[in-house]
Amino acid sequence: MNNKQNPFDTFNTLAPIFNNLMHEVLNQSGSKTETTETKESFKIAAANILEIENGYQLQVAFPGFSKEEVVLNIDGDLLKITATKAVSETTDSVKYLKKELDTRNYKRVFNLSNKIDRSKITAEYKDGVLYINLLKKDDVTFNIEVK
Amino acid sequence: MKNIFDIVFNSGLGDMIATDFYQSIPSADIVETDGGYKYQIAIPGQKKEDFSVELDNNYIKVSVINNEDARQAYKRKEFDYSGSSRRFYLSDQADYKSLQASYTNGILLIEVNKKDSVQQKIQIDIN
């Protein structure tokens, strides 16, 4: 028995983790050669997954970002969320006594299972958390007439 | 926290490599400007009624209410600040009476002004 995963356990983030790792590795190679594409470094946003009636709710945290700075995108089977700072804040005459918050933009990607109804996805942003409701498709069974 | 067998045998490869982190203590930036101090504490997903900000000697203590009724069926949890607290040092230069707190976009911002910087120089006579 190979498949021990339950059919809804498809919220894996393998692809973007590797992408991020590769970007981190390449960015820190120390090479100053110019590249045509900018390799941005993203911080991976923390996410909670809550079971709700007939589906799931993703809660992805983007502290410090406003609703306008958060973009939710569906690309095939991938649910991509990015939070980008519109303006980089100027930091003159400011001294950091403690700096723990990462100033990088956030990103998180999820794989959507086939059982999720794409047309019923809703999202709401409140207090630094994007709440995404994913509902399962209705089970459709019907008979096909044999001619 | 998963036990080692769950991790090895029941997780997909993505789960193993994906960061199994769990944020429960809020991260913070403390900034000093000419006029005062700003504490920016990242605690997303709360309501402002969930916080208590106390001043205890030279420490600002920020606590997040322990949300017992939020014991819902989470399939995966990577952040949960309920019940957490953290103390931050508040310099003597700060005028604690001017302390103000606000909560926007998941950041609890605490601002304190510095005391008037005009200090009187005291001449000490040496006998």
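Note on naming: letters A, B, ... go to the chains in the order of the sequence lines (proteins, then strands), and numbering restarts at 1 for each one.
- No path of Ile, Leu, Val, Met, Phe, Trp and Tyr side chains, each step under 4.5 Å between heavy atoms, connects F79(B) with L58(A), placing them in separate hydrophobic clusters.
- Judged by distance alone, the side chain of E32(B) and the main-chain N or O of K95(A) form no donor-acceptor pair under 3.5 Å.
- Other residues, nucleotides and ligands contribute more than 12 heavy atoms inside 6.0 Å of the NZ atom of K137(A).
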Could you go through residues 43-53 of chain B and list every donor-acceptor pair under 3.5 Å that involves a side-chain atom there, pairing it with any protein atom two or more places apart or in another chain?
{"unit_1": "Q46(B)", "atom_1": "NE2", "unit_2": "D50(B)", "atom_2": "OD2", "d": "3.1"}
{"unit_1": "D50(B)", "atom_1": "OD2", "unit_2": "K47(B)", "atom_2": "N", "d": "3.0"}

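- In the hydrophobic clustering of this structure, F88(B) groups with Y96(B); members are Ile, Leu, Val, Met, Phe, Trp, Tyr whose side-chain heavy atoms approach within less than 4.5 Å, directly or through other members.
- No salt bridge links E51(A) with K75(B); every basic N to acidic carboxylate O contact stays at or beyond 4.0 Å.
- Atom NZ of residue K77(B) and atom CG of residue L50(A) lie 8.5 Å apart, to the nearest 0.5 angstrom.
- A side chain to side chain contact (heavy atoms under 4.5 Å, CB included) with K98(A) is found for one member of V31(B), D29(B), I30(B) and no other, namely I30(B).
- Following chains of ILVMFWY side-chain contacts shorter than 4.5 Å, one can reach L55(B) starting from V112(B), so the two form part of one hydrophobic cluster.
- Only the backbone of A45(A) comes within contact range of chain B, with at least one heavy atom under 4.5 Å from a heavy atom of that chain.
- For I107(B) against L101(A), the heavy-atom pair with the smallest separation is CD1-CD1, 4.2 Å.
- Inspection of non-hydrogen atoms places Y125(A), D127(A), G128(A), V129(A), Y131(A) of residues 119-131 of chain A under 4.5 Å from chain B.
- For Q59(A), the parts lying under 4.5 angstrom from a heavy atom of chain B are both the backbone and the side chain.
- To the nearest 0.5 angstrom, Q40(B) atom CD is 9.0 Å from K99(A) atom NZ.
- The interface of residues 61-69 of chain A with chain B, defined by heavy-atom distances below 4.5 Å, comprises A61(A), F62(A), P63(A), G64(A), F65(A), S66(A).
- For the atom pair L97(A) CG and Y89(B) OH, the distance stands at 11.0 Å (nearest 0.5 Å).
- Other residues, nucleotides and ligands contribute only 12 or fewer heavy atoms inside 6.0 Å of the NZ atom of K61(B).
- A search for side chain to side chain donor-acceptor pair (under 3.5 Å) contacts involving N54(A) returns nothing, not counting sequence neighbours.
- To the nearest 0.5 Å, the span separating CG on N48(A) from CD on Q23(B) amounts to 11.0 Å.
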